[in-house]
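Everything numeric in this text was worked out from a predicted model, so none of it was measured.
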Amino acid sequence: MPELPEVETVRRGLVPWISGQRIQKVELLLPRLIKYPSSAAFKPALVNKTLLDISRKGKYLIFELDSHRELIIHLGMSGRLILGERKASLPPHTHFILRLEGPKDLLFIDPRTFGRIALVEKNDYSPVPGLNQLGLDPTHPDEYQWQKVQKIIQGNRPVKSFLLDQSALAGIGNIYADESLFRTGIHPLRKVAELSLQEKKRLFKTIKEVLEEAIQSGGTTILTFMDSRNNYGHYQNLLQVYGRDHQPCYQCKTLIEKIKIGGRSSHFCPRCQKF
Ligand SMILES: [Zn+2]
């Protein structure tokens, strides 16, 4: 699933291409991807509007328009946004197309169809509950401050489950949760309430570092991720634990283990990450 660094990579790739482009036509091949408003109201509200910029909150892309609305896209499990040549045939699983006035169109491709699209009034995210209740984004310096994180980094659940909770911290999925915990030397099953202040502070700092390094690497490609210009990410080459079960830890040679926590697989080194 694309996590914060992959979504940010997509955003950075798209902005220079779509900024200032007028939407000439909207094609909706899988209407159920539109969560708000109805697909009948969706199209006319986009046609002839101009795309100005794209921002991001957690894993949500927010397209700013020259109207009072914003287009929200969540890539789900396998969604991709690419720029397609007008004349080229559509790639398989293309479900949504913005025909732009330039030579390229914006295509949303999503084999597993867990992607979500909405068109909301500017800054009113109530029709998109996940976005409306989104927690602090570790890459937004105004939001991600120790004073704020300190208040939410508590509770009796495993630290891995805390990291995946989008209403606490936004944008972290399995890959970057596992990598952040390895780098801080914290076992994923440790209860948040039992972490020392020093461990919490180290985790706070490490999360930001890991996400920023992954953005610099163009994200992680596991199976399918590619950015808007069909480039693979490179962070998979830097992963220390994620997807490395039964392989030796780079630090201590102990075999990396994989367990389930809250239904999600967790990779960790039993020696470097003390319980
Ligand atoms: Zn180790």
Side-chain angles (χ1 to χ4, degrees), residues 1-8 35 55-62 72-79 114-116 118 125-212 214-215 219-220 222 235 239 241-243 258-268 273 275:
M1 176 197 269
E3 302 181 25
L4 188 157
E6 291 75 45
V7 178
E8 176 63 18
K35 303 303 176 190
S55 59
R56 178 191 53 73
K57 284 178 189 282
K59 303 176 198 170
Y60 290 84
L61 289 167
I62 302 170
I72 314 287
I73 299 184
H74 190 289
L75 301 176
M77 298 289 287
S78 59
F114 286 105
R116 305 192 286 283
Y125 303 131
S126 52
V128 189
L131 176 56
N132 204 32
Q133 290 149 22
L134 205 61
L136 306 171
D137 185 312
T139 59
H140 289 193
D142 298 344
E143 286 181 22
Y144 196 69
Q145 294 172 359
W146 172 244
Q147 290 84 344
K148 293 182 185 176
V149 175
Q150 195 174 16
K151 286 182 192 144
I152 55 165
I153 185 163
Q154 47 193 320
N156 215 21
R157 53 185 168 168
V159 61
K160 171 67 185 275
S161 304
F162 166 77
L163 292 178
L164 295 182
D165 179 356
Q166 300 298 299
S167 67
L169 299 178
I172 305 170
N174 242 2
I175 298 174
Y176 302 107
D178 286 0
E179 293 298 312
S180 299
L181 289 172
F182 174 78
R183 201 179 283 189
T184 2
I186 297 174
H187 192 289
L189 275 173
R190 294 270 306 279
K191 298 273 198 293
V192 182
E194 290 165 9
L195 300 178
S196 68
L197 182 62
Q198 201 186 18
E199 285 175 317
K200 287 180 181 179
K201 278 190 172 169
R202 212 160 60 219
L203 186 58
F204 163 76
K205 194 164 149 271
T206 303
I207 288 166
K208 189 168 175 277
E209 278 169 11
V210 166
L211 293 174
E212 282 173 355
I215 291 169
T220 299
I222 305 279
Y235 198 73
L239 296 174
V241 286
Y242 183 83
K258 179 169 139 181
I259 55 170
K260 289 260 183 198
I261 302 175
R264 306 291 301 277
S265 61
S266 292
H267 308 77
F268 66 99
Q273 293 168 267
F275 188 74

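With Thr184 as reference, Thr206 is the one residue of Leu195, Thr206, Val210 to meet the side chain to side chain contact (heavy atoms under 4.5 Å, CB included) rule.
Close placement of the Tyr176 and Tyr235 rings is indicated, their centers lying within 6.0 Å of each other. Aromatic rings from Tyr144 and Phe204 are positioned such that their centres are separated by under 6.0 Å.
Residues Pro158 and Pro188 approach most closely at CB-O, 3.6 Å, considering heavy atoms. Scanning all heavy atoms of the two residues, the minimum distance from Ala168 to Arg157 falls at CB-NH2, 4.5 Å. Minimum heavy-atom separation, Lys160 to Ser265: NZ-O, 3.0 Å. Taking all atoms of both residues into account, the shortest heavy-atom contact from Asp137 to Gly58 is OD2-N, 2.9 Å.
In this structure, Gln133 contributes its side chain and Leu131 its backbone to no donor-acceptor pair below 3.5 Å.
Contact of the Leu239 side chain with the Asp178 side chain is not registered, since no non-hydrogen atoms from C-beta on lie closer than 4.5 Å.
By the salt bridge (charged side-chain N to carboxylate O under 4.0 Å, His left out) test, Lys59 pairs with no residue at all, sequence neighbours left out.
The aromatic rings of His74 and Tyr60 sit perpendicular, their planes meeting at an angle over 60°, well past the 30° parallel limit.
The existence of a salt bridge linking Lys205 and Glu209 is confirmed by a sub-4.0 Å separation between a basic side-chain nitrogen and an acidic carboxylate oxygen.
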